[in-house]
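The chain is numbered in sequence order, starting from 1.
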Amino acid sequence: MKQIKNNYKIYLLFLPIVLVILDQVTKHLVRQSLVNPPKKVELIPGVLCFQYLENRGAVWGLFQGKYDLLSIISIGILILFIYLMVRIPRGRRYVAMYFVMLFIVAGAIGNLIDRIVFGFVTDFIYFELINFPIFNVADIYVTVAIFVLLYLVCFYHTDDELSFLPFFGTDKKDNTKDESK
């Protein structure tokens with residue numbers, strides 16, 4: 001049991017794999033069933049439906065047709081969040097932070113796979129009631145995780161607890177000046 005507890009981060013690395021598979025399976029099902037002929041599946045009439053969309057841009061359709069730029073940004077985000085994940089200290093207080101990073105990484109990977117394989121991201125969830133932009137499961141991962149991350153940074157963790165993050169100052173390990181001199 002102690003071995004499992006000591007290596008929990010290694011075991012948690014399987015979570016993004018499962019999340020990416022779930023995202024890719026939903027997108028595959030949508031591409032198989034909603035494309036030819038184009039269909040709209042009403043889940044809650046007038047409120048929520050599945051509707052196929054090839055998003056060749058970023059969130060809300062920004063940067064349409066900028067495949068190379070969006071791929072580079074996605075890879076950069078992946079590298080940044082993997083770097084931050086590696087720096088998260090061990091301990092219960094940081095478990096939520098680690099999960100948040102895993103969901104962001106999984107969402108970024110899910111959409112990057114679409115960009116590389118198809119040249120676009122498959123979106124299909126549409127809230128008709130508020131005319132919200134069409135999105136997918138990976139987008140849900142990233143959006144919810146960003147809100148939780150903001151909560152953790154603003155209300156849960158102290159600045160000292162966030163010192164492992166580059167933009168919150170120096171790490172405690174690096175801040176060991178001898179003040180007795």
Side-chain angles (χ1 to χ4, degrees), residues 7-32 34-35 50-90 94-126 132-154 156-157 161-171 173-174:
N7 293 320
Y8 76 98
K9 287 185 180 180
I10 294 169
Y11 294 107
L12 287 177
L13 288 178
F14 290 106
L15 178 62
I17 294 168
V18 171
L19 293 173
V20 168
I21 290 170
L22 177 63
D23 171 64
Q24 290 299 303
V25 166
T26 59
K27 291 173 180 176
H28 174 75
L29 291 172
V30 165
R31 285 189 297 270
Q32 295 300 312
L34 296 181
V35 177
F50 288 161
Q51 181 176 330
Y52 178 77
L53 173 73
E54 294 178 0
N55 185 351
R56 297 179 189 279
V59 63
W60 299 306
L62 298 173
F63 303 109
Q64 285 294 319
K66 305 287 186 198
Y67 171 85
D68 294 335
L69 174 66
L70 292 171
S71 296
I72 290 168
I73 289 171
S74 295
I75 292 168
I77 289 170
L78 272 172
I79 291 169
L80 171 67
F81 278 93
I82 290 170
Y83 168 75
L84 294 175
M85 281 174 47
V86 170
R87 294 184 52 94
I88 296 173
R90 289 182 180 246
Y94 295 97
V95 171
M97 178 80 66
Y98 196 77
F99 271 100
V100 163
M101 301 288 181
L102 289 174
F103 274 83
I104 292 170
V105 166
I109 290 171
N111 284 339
L112 183 61
I113 288 170
D114 275 21
R115 274 195 189 89
I116 291 170
V117 173
F118 302 108
F120 58 85
V121 174
T122 302
D123 288 337
F124 60 94
I125 304 169
Y126 178 48
F132 195 80
I134 300 174
F135 57 96
N136 61 48
V137 174
D139 296 337
I140 295 170
Y141 299 159
V142 173
T143 303
V144 172
I146 292 293
F147 279 108
V148 174
L149 180 62
L150 288 171
Y151 171 80
L152 292 172
V153 168
C154 293
Y156 184 74
H157 290 289
E161 290 174 328
L162 296 172
S163 64
F164 70 92
L165 297 170
F167 40 86
F168 275 88
T170 59
D171 196 342
K173 295 175 192 167
D174 298 337

- Message: Is the shortest side-chain heavy-atom distance between Met97 and Leu149 below 4.5 Å?
- Response: yes
- Task: Would you please name every residue forming a ring-ring contact (aromatic ring centres under 6.0 Å, His included) with Tyr151, sequence neighbours left out?
- Result: Phe155
- Item | Results of ring-ring contact (aromatic ring centres under 6.0 Å, His included) for Phe50 - residues two or more places apart only | Phe124
- Message: How about CZ on Phe99, more than 12 heavy atoms from neighbouring residues, nucleotides or ligands closer than 6.0 Å, or not?
- Response: no
- Can you establish whether the number of heavy atoms outside Phe118 located under 6.0 Å from its atom CZ is more than 12? yes
Once rounded to the nearest 0.5 Å, what's the spacing between atom [atom1] of [X] and atom [atom2] of [Y]?
X	Y	atom1	atom2	value
Tyr94	His157	OH	NE2	6.0 Å
Ile113	Thr122	CD1	OG1	11.5 Å
Phe14	Ile21	CZ	CD1	11.0 Å
Met85	Leu78	CE	CG	10.5 Å

- Heavy-atom nearest pair, Tyr52 first then Val30, reads CD1-CG1, 3.7 Å
N/O donor to acceptor pairs below 3.5 angstrom from side-chain atoms of residues 100-111, sequence neighbours left out:
from: Asn111; atom 1: OD1; to: Lys27; atom 2: NZ; distance (Å): 2.9
from: Asn111; atom 1: OD1; to: Asn136; atom 2: ND2; distance (Å): 3.2
from: Asn111; atom 1: ND2; to: Asp139; atom 2: OD1; distance (Å): 2.8

For [X], what residues pass the side-chain contact (heavy atoms from CB on, under 4.5 Å) criterion, not counting sequence neighbours?
X	result
Leu69	Phe63, Lys66, Ile73
Ser71	Tyr67, Leu112, Arg115
Leu80	Leu84

- Does the side chain of Asp114 come under 3.5 Å of the side chain of Gln24 through a donor N or O and an acceptor N or O? yes
- Query: Got a donor-acceptor contact below 3.5 angstrom from the Tyr141 side chain to the Leu19 backbone?
  - Reply: yes
- Evaluation steps, side chain to side chain contact (heavy atoms under 4.5 Å, CB included), between Ile140 and Ile125: CA-CA 10 Å; Ile140 295 170; Ile125 304 169; 3.9 Å; yes
